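Have a look at the structure below, then the notes.
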Amino acid sequence: MPELPEVEVVRLGLQAHVAGRTIREAEVLHPRAIRRHALGAEDFTQRLAGTRVEAARRRGKYLWLELSDKEALLAHLGMSGQMLVQPEGAPDEKHLRVRLRFDDDGPELRFVDQRTFGGLALDDLNEVLLPDTIAHIARDPMDPEFDLDAAVRALRSRRTEVKRALLDQTLVSGIGNIYADEALWRARLHWSRPTGKLTLAKGRELLSAASDVMNAALGAGGTSFDALYVNVNGQSGYFDRSLDAYGQESMPCHRCGTAIRREPFMNRSSFSCPRCQPRPRPNSGR
DNA sequence: CGTTCATCCTGAGAGC
DNA sequence: TGCTCTCAGGATGAAC
């Protein structure tokens, strides 16, 4: 389940193994994987052939290969997407969706995605070299120009529950269900707390916690829960052993020992400590 | 405009 | 053993 740290690991791998190489041909094995490319598979492959990859970039959970001529190959890994660098001739993966071959006859780049929530598309780069279709995505906490106080203001201006706001990629990007639960645990906040009632200090604490936990995950090579997430070299991460809240139902809280609870949240789950992160009282404050 | 919610997909695991 | 059911999620666009 790639969130920012996992995507960054993939970006680093792409920068190391793909940047500077020229694409010889692209092959689309499943049309759904390029559904965001409005002009279709033929246009996709024609435009990629002969193009040089200048660099691998990322914002939040989006990843792109910067190409010559102000174009980008934009990628989102979705739930189960992988970028694999494989020798030519290696057997096709079961869920291989797109293959790029290079004119140096070196290893191929393969986009493999079991659930096909992710995908690739060609996009134009705007004046600040950002793909047009992700102009609405906010800077993430690892962006050198990330403005913590501006992000806190954006969160607090919402009239919703704090976890919904954390997951809104137009406010702060890169945070998914896992790191949202971890950040809330660190900041001792229940997911349903109204954003409007967060103090400035608590907002800063929350986003700092999100930044810290994602940096820690990046240091460990990303989180992995099953074989679905593999980095560009095919190696899984191992940060999951360090999680404090996500997936820890009925395990003792690492701060107070109370059993972690699991609650339904937006058709999925939210994990929290009942003692450290008490549910807000219906009519408190205001 | 702001906010919420169903939808896409496949395989693992549980329950019978 | 083999079937059915539930769950896991991010981003989008429709609905309120």
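Chain identifiers are assigned alphabetically (A, B, ...) following the order of the sequence lines, protein sequences preceding nucleic acid strands; residue numbering begins at 1 within each chain. Quick caveat, the model's predicted, so the values are computed rather than measured.
Side-chain nitrogen and oxygen atoms of A:His76 include at least one within less than 4.0 Å of the OP1 or OP2 phosphate oxygen of C:dA11. Taking 4.0 angstrom as the limit, A:Lys94 places none of its side-chain polar atoms (N or O) nearer than this to OP1 or OP2 of B:dT10. Applying the 4.0 Å criterion to OP1 and OP2 of B:dA6, one finds that A:Asn267 has a side-chain N or O inside that range. The phosphate of C:dC7 (OP1 or OP2) has no side-chain N or O of A:Ser269 nearer than 4.0 angstrom.
The interatomic distance linking A:Arg97 (CZ) with B:dC9 (C1') rounds to 9 Å, in whole Å. A straight line from CZ of A:Phe117 to C1' of C:dC7 spans 12 Å, rounded to a whole angstrom. Remark: P of B:dT10 and CZ of A:Arg32 are 8 Å apart, rounded to the nearest angstrom. At whole-Å resolution of the value, NE2 in A:His136 and P in C:dG13 are 9 Å apart. Rounded to whole angstrom, the span from the CZ atom of A:Arg35 across to the C1' atom of C:dT12 amounts to 10 Å. Going from atom CE of A:Met266 over to atom P of B:dC8 covers 17 Å, rounded to whole Å. In this structure, CD1 of A:Ile178 is placed 12 Å from P of C:dA8, rounded to the nearest angstrom. If you measure from atom CZ of A:Arg268 to atom C1' of B:dC9, you get 13 Å, rounded to the nearest angstrom.
Contact annotation for A:Gly78: no contact, since no heavy-atom pair falls under 4.0 Å across all strands. A:Phe265 comes within contact range of no nucleotide atom at all, as no heavy-atom separation falls under 4.0 Å. Among the protein residues, A:Arg262 comes within range of the sugar-phosphate backbone only, with heavy atoms under 4.0 Å from sugar or phosphate atoms but none that close to a base. Contacts of A:His30 with the nucleic acid, taken as non-hydrogen atoms under 4.0 Å apart, are absent.
Looking at which nucleotide of DNA chain B each of A:Thr160 and A:Thr116 is closest to, the 5′-most match is held by A:Thr160.
A salt bridge between A:Asp149 and A:Arg204 is present, with a side-chain N of the basic residue lying under 4.0 Å from a carboxylate O of the acidic one. In summary, A:Asp113 and A:Arg32 do not engage in a salt bridge, as defined by a charged side-chain N under 4.0 Å from a carboxylate O.
Side-chain proximity of A:Gln114 to C:dT12, C:dG10, B:dG11: nearest is B:dG11. For A:Arg164, the side-chain atoms get nearest to B:dT4 when compared with the rest of B:dT4, C:dT12, B:dG11.
Within the structure, every pair that satisfies the salt bridge (charged side-chain N to carboxylate O under 4.0 Å, His left out) test and touches residues 133-142 of chain A, not counting sequence neighbours, is listed here: A:Arg58-A:Asp140, A:Arg139-A:Asp143, A:Arg139-A:Glu145.
At a threshold of 4.5 Å between non-hydrogen side-chain atoms, the residues A:Leu48 and A:Leu67 count as touching.
Not a single donor-acceptor pair, N or O on each side, falls under 3.5 Å between the base of C:dG10 and the side chain of A:Arg115.
Between the side chains of A:Ser270 and A:Asp181, at least one donor N or O sits under 3.5 Å from an acceptor N or O.
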